[in-house]
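So the structure is just underneath, and the comments pick up after that.
Side chains are part of it too, since the values below use all heavy atoms of this structure and drop only hydrogens, waters and symmetry mates. Just so we're clear, the structure is a prediction, and the values are computed from it rather than from any experiment.
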Amino acid sequence: MDVLPSYSEATSRLDWLALVAPHVPASSWSFCCLVDRRLYSHFAPRLWRDPLVTIRRLGLDPNDDLAWYRRFIHKYAGSARLQTRGMVRSLDFRAFALTASGLYSTEASERAISESFRTLPQLFPGLTCLLLDGHPELDPGSLAIAQVPASHSLELLDLARCRQELTPKMFCPSLFHDLVYLDVSYVPGSIRSAIQLSLNPVSLPELRVLKARGREMDDATAELLFQTFRLQLWSVDLSDNKLSDNAIDAMLAYSFSSLSFRNDLHFEVEGKLVIPKNLGSSRYGQFEFVEESSHSSSFTHPGRYLADPPAYSRRADQTEPQEWQTIRSDGTNKLRRDDASAVKETLLETGLSLTNRISGQPVHDLHLHRGGITHLYLNQNSFTADGIGRLLRASSDRLEHFECDSCLQVPPTSGLDQAQPQRRVGGIFGLSHLFRPVFSSNLRSLRIHHSVVTQVPDILAEGLPLGTALRLSETVFFKNVRRAYPRRFVPDMNPRIASLTLTNIPARSTGPVIERLTSFLDSASLQQTSIRQARLVMNGRHATILGGLRHIRLELDPDFSDDVLDSSTGRDIDYDRLLDPGDDDFGNNSFSFFEDTKRAKPNNSSMKQGPNNNEPHHANTEQFSHWKSGRLKSSPYSDTGSQYVTHYVEASSSWTGNIYSISVWIGPGTIGPHAAVNEYMWNLQDAKLRTDVGPATPDHVAAGVPALAYIFYAAWNAIVFPKNLATLAKDCGTEPLRDVAAAIKDYRIRTRGTPPHWDGSIELVRTARASRYHASEYWR
């Protein structure tokens, strides 16, 4: 909510200079300062507040950076009045002195800048922002021993990619006491010892934004971080670390408020959650069903684009919700930015509040009350889709911005071999409903794997030709995913999401990826048209309409030459050894999508439910293709005539730690109209797949499962993973691969000037596989 102006701000006349000053070019600021004291009070702070950026705007050649900086520190600033030096609020080195300057080498340049750090707090008593990203040789350690004037502290410190190891007690001095933003990404040294000694609320009580990418952080260190800061941080970036699902459990335990924004007030538009009491599993979390209204499942309610009405209180003196009250955003507020440039801009604008009469809203946005994480970055880690799903369900609708560029799909009953982590199936499918307002009403910006839209996973295996992997993912896996999880994310699933980034998009496609992306753009165009019509209908009724999806960013993998495709025919590759390593000469730790049936001895005894039998992992696939009629005769169908069986959950697998029983749907056991249900029933004949019970999601219901029923997730997920992948790899064909970027551009050209053309902002980004998240080459 916007902060109302004070009485004096509301009744005093605006100074025309406050309106004009932001539009005056930087080249005129120094001349304006010479006119009179009134203009000096407006333009001197603009001239001095960020000198390194200002001097670049005034035309300083990059080759003269160091020479100018030395003169500025030792001559100009040293001789300036204390009042003038106090106007310096920021020193932004990110685009300053990046190369050898004049007679100075790069090493001498970095050393000269580092030596000046110990004098900065005294020289510039108003300094609040220091940004050093891009200068790996700078040594910020001298800041820890600098003499600091009383009541002076930095509020923004960016030390990303600094190669100098920081001491564990780096942040103990009072200079860092008021830090709001801290970036220690890709900095050597133990972050665990830093948390124990100085990177904690005792030394940094005002810290709200923490970025710690590339610190080789493990689950234990992440748990210590969450346990230390608890609800203090609202933005956390832990990308490019060594985190797994265990870190998610620690995050949920310490860094998310127990107060939820979810309620049943919007049932007709969004549906509602039905939560069985004290039921859940350690893998899924607390069980939750989505109960749909007549419109919510199809996203067609006439009021789906209306913003939430204002919240009212019966008490006239109560303008803000109480601590125990939660009111979700109305859906129209802009996303609160947490990058260094945005935080710096907010802090610098606050410094001009006396002359421009800016309200205290920007500072309020940075110093949010301690409600836990709202902006979360988990790119390039080792999370599974189960862990990400558990996070989104249990985050109490707190997330406003979420990033996870890839996650692992774990095959049922098959543990992943840590010795060969490069062989995996990655993607997010079956979780699109978690981005709906019923779960994520406050979500405004999302960066996620492209499979949430395309339903095409990534297949990565050492030695598997790239062309073969792409064809497998777009044929066999694509077909299986659509059958098991038919509902992909579309813009109308959540009109509150304004920005969507799809990551890891393959550079080439046989067709499905291109078709899915272009049809998604068609859906965005339909949403755009519907929102315009809603505005016309609501014109004059004082109703606020949501903006819908306005920015789409497509991050494509690096392109590859035709030579790579030519070498990917796979005629000389032993796919049986590569994808189905069941031969005796393979080690016991070899990876396979499932335990190979060659290792299991035949068992003629009847199938019994339980984990200790010797049944094969999968029922015979060839027999399934011949199943045309009749009821299945193996267990569990031979044990009951009902469509439900009672399943007992052990304490070790229970969400609450208690033993309980639950009625699980197994289907009638006869062929029906739903292909996914038929395969689910066939898979249930394998006792090892009668595990991992969970509630039916909207995807399961769309595939034929009864609403509000429980199913065996292991048997259902097995639909996605082919049982004879080696054979399928040999027969995947040689259909030509098309350039995805060229196809998207061609689509945009063809639709330009026509009604289906979406006029939002769209970006195509070519990423580098080795550093997909950190280095990107932008092009349109």
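Between L434 and F439, the shortest heavy-atom contact is O-CB, 3.4 Å. Closest approach of L179 and S153 over heavy atoms only: N-OG, 4.2 Å. Among all heavy-atom pairs drawn from D237 and S239, the shortest one is OD1-OG, 2.8 Å. The shortest heavy-atom contact between P140 and F117 is CA-CD1, 4.1 Å. Of all heavy-atom pairs spanning W68 and P51, the tightest one is CH2-O, 4.2 Å. Scanning all heavy atoms of the two residues, the minimum distance from L231 to S255 falls at CD2-C, 3.6 Å.
Remark: R81 CZ to S79 OG distance equals 11.5 Å, nearest 0.5 Å. For the atom pair CG (D405) and OH (Y377), the distance works out to 13.0 Å, reported to the nearest 0.5 Å. One finds the CZ atom of R94 at 12.5 Å from the CG atom of L91 (value rounded to the nearest 0.5 Å). The distance from atom OG1 of T128 to atom CD of E155, rounded to the nearest 0.5 Å, is 5.5 Å. Rounding to the nearest 0.5 Å gives a distance of 4.5 Å between CD1 of I505 and CG of L554. Rounding to the nearest 0.5 Å gives a distance of 9.0 Å between CD1 of I248 and CG of L243.
Between F96 and H135, a ring centre-to-centre spacing not shorter than 6.0 Å is recorded.
Put simply, the side chain of L446 does not reach to within 4.5 Å of the side chain of V452, judged on heavy atoms. Residues H449 and I388 are not in side-chain contact: their nearest non-hydrogen atoms beyond the backbone lie 4.5 Å or more apart. In this structure, the side chains of L502 and I448 come closer than 4.5 Å at one or more pairs of heavy atoms. A 4.5 Å side-chain heavy-atom check between L131 and F93 finds every atom pair outside the cut-off. Here the side chains of L120 and I73 are in contact, with some heavy-atom distance below 4.5 Å. Between L347 and L156, the closest side-chain pair of non-hydrogen atoms falls below 4.5 Å. The side-chain heavy atoms of F229 and V236, taken from C-beta on, include no pair separated by under 4.5 Å. With contacts defined as side-chain heavy-atom distances shorter than 4.5 Å, the pair P62/R56 qualifies.
A salt bridge (charged side-chain N to carboxylate O under 4.0 Å, His left out) with E349 holds for exactly one of R89, K344, R49; it is R49. Under the side-chain hydrogen bond (donor to acceptor under 3.5 Å, both in side chains) rule, E403 has a single partner from N379, T503, T501, which is N379. A salt bridge (charged side-chain N to carboxylate O under 4.0 Å, His left out) with E400 holds for exactly one of K334, R336, R337; it is R336.
A side-chain donor-acceptor contact under 3.5 Å links R85 to the backbone of L123. Formation of a donor-acceptor pair under 3.5 Å by the R393 side chain with backbone atoms of Y284 is found in this model. Proximity of a side-chain donor or acceptor of Q286 to a complementary backbone N or O of W655 within less than 3.5 Å is not detected. A donor-acceptor pair is defined here as one N or O able to donate and one able to accept, closer than 3.5 Å; no such pair exists between the side chain of R163 and the backbone of R161. Of the possible donor and acceptor atoms, one in the side chain of S451 sits under 3.5 Å from a partner among the backbone N and O of I428. Side chain of R447 to backbone of F402: no donor-acceptor contact under 3.5 angstrom is found. Formation of a donor-acceptor pair under 3.5 Å by the D249 side chain with backbone atoms of A247 is not found in this model. Using a distance-only test at 3.5 Å, with no hydrogens or angles considered, a donor-acceptor pair links the side chain of N200 to the main chain of I195. Judged by distance alone, the side chain of H551 and the main-chain N or O of S445 form no donor-acceptor pair under 3.5 Å. Here the side chain of N381 pairs a donor or acceptor atom with the backbone of N241 at under 3.5 angstrom.
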Quiz: residues 166-177 side-chain donor-acceptor pairs under 3.5 angstrom, not counting sequence neighbours:
from : atom 1 : to   : atom 2 : distance (Å)
T167 : OG1    : M170 : N      : 3.4

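With a 6.0 Å radius and a threshold of 12 heavy atoms from other residues, nucleotides or ligands, E216 has its CD atom at or below the threshold.
Counted by atom type alone, D183 and S185 present one or more donor-acceptor pairs between their side chains at under 3.5 Å. Using modelled atom types, one finds no donor on one side chain facing an acceptor on the other under 3.5 Å when comparing H401 with D338. There is no side-chain donor-acceptor pair under 3.5 Å between R215 and T221. Between the side chains of D245 and T384, at least one donor N or O sits under 3.5 Å from an acceptor N or O. No side-chain donor-acceptor contact under 3.5 Å links D92 and S90.
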Item checked: R398 and I373: CA distance, side-chain angles, deciding distance, side chain to side chain contact (heavy atoms under 4.5 Å, CB included) verdict -> CA-CA 7 Å; R398 294 276 171 179; I373 296 175; over 6 Å; no
Margin query: Would L238 and F226 count as a side chain to side chain contact (heavy atoms under 4.5 Å, CB included) here? Give the steps.
Written below: CA-CA 11 Å; L238 300 181; F226 298 135; 3.6 Å; yes
Notebook entry, point to check: Could you go step by step and tell me if V425 and L408 meet the side chain to side chain contact (heavy atoms under 4.5 Å, CB included) rule?
Noted result: CA-CA 6 Å; V425 174; L408 196 63; 5.9 Å; no
Next item on the list: Take L335 and H375 through the test side chain to side chain contact (heavy atoms under 4.5 Å, CB included) and record every step on the way to the result.
Entry: CA-CA 10 Å; L335 177 69; H375 293 54; 3.7 Å; yes
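With respect to D158 and K211, no salt bridge is recorded, no charged nitrogen being found less than 4.0 Å from a carboxylate O. The pair D218-K242 does not count as a salt bridge, with every side-chain nitrogen at least 4.0 angstrom from each carboxylate oxygen.
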